[in-house]
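Every chain is numbered from 1, with letters handed out A, B, ... down the list of sequences. Because only heavy atoms are used, hydrogens play no part in the values below, and waters and symmetry mates are left out as well, while side chains stay in.
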Amino acid sequence: MLRSSTLTQSVTVTCVHHSHRQWFQSIPVNYRFCDAARNSLSSNSAIFKWKRTANYNRNRSGMGTFTTRALAQPLQNADELIDSVETFIFDCDGVIWKGDKLIEGVPETLDMLRSKGKRLVFVTNNSTKSRKQYGKKFETLGLNVSEEEIFASSFAAAAYLKSIDFPKDKKVYVIGEDGILKELELAGYQYLGGPEDGGKKIELKPGFLMEHDEDVGAVVVGFDRHFNYYKIQYGTLCIRENPGCLFIATNRDAVTHLTDAQEWAGGGSMVGAISGSTQREPLVVGKPSTFMMDYLANKFGISKSQICMVGDRLDTDILFGQNGGCKTLLVLSGVTTLAMLQSPNNSIQPDFYTNKISDFLSLKAAAV
Amino acid sequence: MLRSSTLTQSVTVTCVRHSHRQWFQSIPVNYRFFDAARNSLSSPNSAIFKWKRKANYNRHSSGMGTFTTRALAQPLQNADELIDSVETFIFDCDGVIWKGDKLIDGVPETLDMLRSKGKRLVFVTNNSTKSRKQYGKKFETLGLNVSEEEIFASSFAAAAYLKSIDFPKDKKVYVIGEDGILKELELAGYQYLGGPEDGGKKIELKPGFLMEHDEDVGAVVVGFDRYFNYYKIQYGTLCIRENPGCLFIATNRDAVTHLTDAQEWAGGGSMVGALSGSTQREPLVVGKPSTFMMDYLANKFGISKSQICMVGDRLDTDILFGQNGGCKTLLVLSGVTTLAMLQSPNNSIQPDFYTNKISDFLSLKAAAV
């Protein structure tokens with residue numbers, strides 16, 4: 001039975017005299033940017049091409065061209081999938097590790113893929129760590145992964161600012177943790193906020209005015225366990241009162257994994273708070289937005305049809321792959337169960353699913 | 001030129017064995033509830049809710065439904081005509097009655113004149129930081145003779161909503177908000193936890209750490225909270241996500257609030273947005289522009305909604321509240337909305353009338369004699 005289909009529309013928008021800084025904000029977060037790197041905040045005009053990918057529970061319509069997506073198939077011939085792509089993008093938590101524990105068979109699987117000449121990339125929505133800090137985590141777990149292969153949403157926020165030539169004399173207000181600060185610093189941007197604003201309080205007296213820095217040109221919001229009203233108000237003032245100030249979200253995840261014992265409220269709550277006070281939608285650089293996919297494709301010169309996205313979440317990882325026009329593989333080693341995948345309420349269908357990435361080894365052997 | 005129109009649809013939904021507790025959550029916040037008081041959380045088998053959706057469309061007609069066309073707002077010219085056409089005036093407070101801690105010019109005389117004409121006066125505010133009693137004190141301080149019975153704050157609305165659905169007294173309410181909500185819940189006889197006292201709590205993360213939450217929490221009420229923090233986000237999220245049938249109630253979704261006159265401050269919409277972002281659920285909103293308070297007032301005082309005039313300074317809360325409730329609407333320009341904002345082509349919310357301030361009732365009345 002065919003379950004969902006995809007509508008792709010292509011639109012070109014021209015924005016003159018920096019107005020695209022504000023125009024960005026009005027783009028729904030599931031719209032994707034192409035060639036953002038060529039469009040500069042400091043140029044007079046910018047032309048953006050974007051596509052919207054939406055799932056519809058129907059097969060055909062007079063409204064556009066529909067690509068029909070069948071139900072996910074269990075992965076049976078791993079070699080066939082491996083040979084059909086150049087690059088594998090892996091989510092981390094639930095795919096490579098769970099908490100601080102490596103998932104069984106991961107090192108051997110990654111070694112096998114490298115031996116076949118495949119490029120491996122690791123993409124995470126977690127913004128609390130920088131690439132360097134993630135590199136240390138891989139190392140601790142005994143995995144040989146270079147910083148160049150790691151793309152955290154903290155890095156994506158800085159990379160996005162670079163891609164639009166965000167002016168170096170402008171500042172970034174950060175609602176988030178150390179990872180974002182480190183990546184902004186590496187990219188050469190001035191920032192304020194972050195964990196140090198966690199202890200700040202507003203003492204209200206009649207006529208009290210909260211000052212804010214008028215040089216803030218972007219507010220970057222990610223997961224922040226030190227979130228408070230001071231940060232909400234500061235970020236809100238910047239977005240509302242500084243002309244052209246960008247509102248950038250590292251991700252909108254409802255859930256994050258601070259400890260293995262339970263699910264914790266994710267970065268989506270901090271983003272929701274700022275959205276609620278500014279009545280603006282953010283530009284999202286993490287999954288399922290395709291900014292990171294576009295960035296990777298440009299950086300490594302990869303065709304997106306030559307990529308397979310491997311993840312454990314339907315609404316971020318698999319949607320990210322589908323929005324980017326990649327092949328998709330769901331692993332059941334993380335948060336998604338087979339029942340959830342096959343539920344009639346689920347409209348996101350990957351190309352394939354399997355238990356864990358080490359099935360690449362066993363299914364490979366079985367196919368010989 | 002005709003600018004916007006209204007679509008009204010009527011739908012009946014039947015929910016069996018308490019499942020309506022969860023079903024509530026899926027109702028878009030601009031849907032309105034009728035006779036909620038007759039539908040009980042503790043009723044054994046089924047509950048029938050009738051709701052209507054009112055939406056503005058920038059078109060005149062459609063095969064989709066019956067449209068009522070709304071013309072551009074008219075300047076108020078004959079106050080007597082409006083006064084005589086209604087029984088009840090509902091006033092927003094900040095920007096209509098006062099600004100910050102200062103009474104707006106001519107308010108006492110206007111209220112006295114309306115009372116002398118036998119009009120019922122009601123004061124409705126989305127601010128949830130104070131209880132009705134605390135609001136009563138503010139009116140008194142400003143020299144206005146207003147009884148608690150005439151005041152409807154969104155803090156009271158949250159407690160009234162729980163009462164209207166017979167929320168069980170053995171269930172608890174987790175509060176993200178300030179003192180007003182706590183006081184109103186206490187007066188209504190509900191057990192609560194959270195509020196300002198959770199403002200200082202922090203989560204110390206250790207491997208394997210689990211944050212416990214009270215499984216008897218049956219509702220999370222979210223309002224403006226200057227002591228908002230991650231502890232509260234996680235606690236509220238756990239209750240909504242893990243306690244079967246737990247309600248997610250918002251006092252309002254206002255982007256802006258007025259803590260001081262010097263600037264606009266992030267409003268209760270930010271706290272609600274945070275919980276919405278972590279639970280992926282939409283709240284049931286009891287404050288404006290949701291019509292829960294309007295329905296409550298109409299039931300309590302036995303007023304027909306066509307006999308009410310809503311007077312406010314905000315298009316997206318006050319005027320929409322009146323329109324959603326089927327009332328006459330008057331925008332005053334003494335608060336946040338300017339004439340330019342009202343007449344902007346980007347604005348689709350058109351009140352019936354607009355005027356500078358409520359004391360125009362006196363001068364326009366005199367001019368019409």
- Is it the side chain or the backbone of T237(B) that comes within 4.5 Å of chain A heavy atoms, both, or neither? side chain

- Task: Using a cut-off of under 4.5 Å on heavy-atom pairs, state which of I233(B), L275(B), D225(B) scores highest against chain A.
- Result: I233(B)

- Task: Would you confirm whether K231(A), through its side chain, and G194(A), through its main-chain N or O, come within 3.5 Å as a donor-acceptor pair?
- Result: yes

- Message: Report which part of F223(A) has an atom under 4.5 Å of a heavy atom belonging to chain B: side chain, backbone, both, or neither.
- Response: side chain

- Any side-chain heavy-atom pair of W264(A) and M211(B) under 4.5 Å: yes

- Most chain A-contacting option - heavy-atom pairs closer than 4.5 Å, from A274(B), S276(B), G236(B), G273(B): A274(B)

- Starting from the C-alpha separation in whole Å, work towards a yes-or-no answer on salt bridge (charged side-chain N to carboxylate O under 4.0 Å, His left out) for D254(B) and R314(B). CA-CA 11 Å; D254(B) 295 358; R314(B) 284 187 180 270; 5.6 Å; no

- Task: Could you tell me whether the side chain of L103(B) reaches within less than 4.5 Å of the side chain of L144(B), counting heavy atoms only?
- Result: yes

- From the list T256(A), D224(A), I274(A), L237(A), the residue making the most non-hydrogen contacts under 4.5 Å with chain B is L237(A)

- Which of the residues G267(B), A255(B), G100(B), G199(B) is involved in the greatest number of heavy-atom pairs with chain A at under 4.5 angstrom? A255(B)

- Heavy atoms only, distances under 4.5 angstrom: which of G267(A), A273(A), A261(A) has the most pairs with chain B? Name it, please. A273(A)

- Sequence neighbours left out, what passes side-chain hydrogen bond (donor to acceptor under 3.5 Å, both in side chains) with K201(B)? Give chain and number order. D198(B)

- Would you check if the distance from the ring center of Y229(A) to the ring center of F224(B) is below 6.0 Å? yes

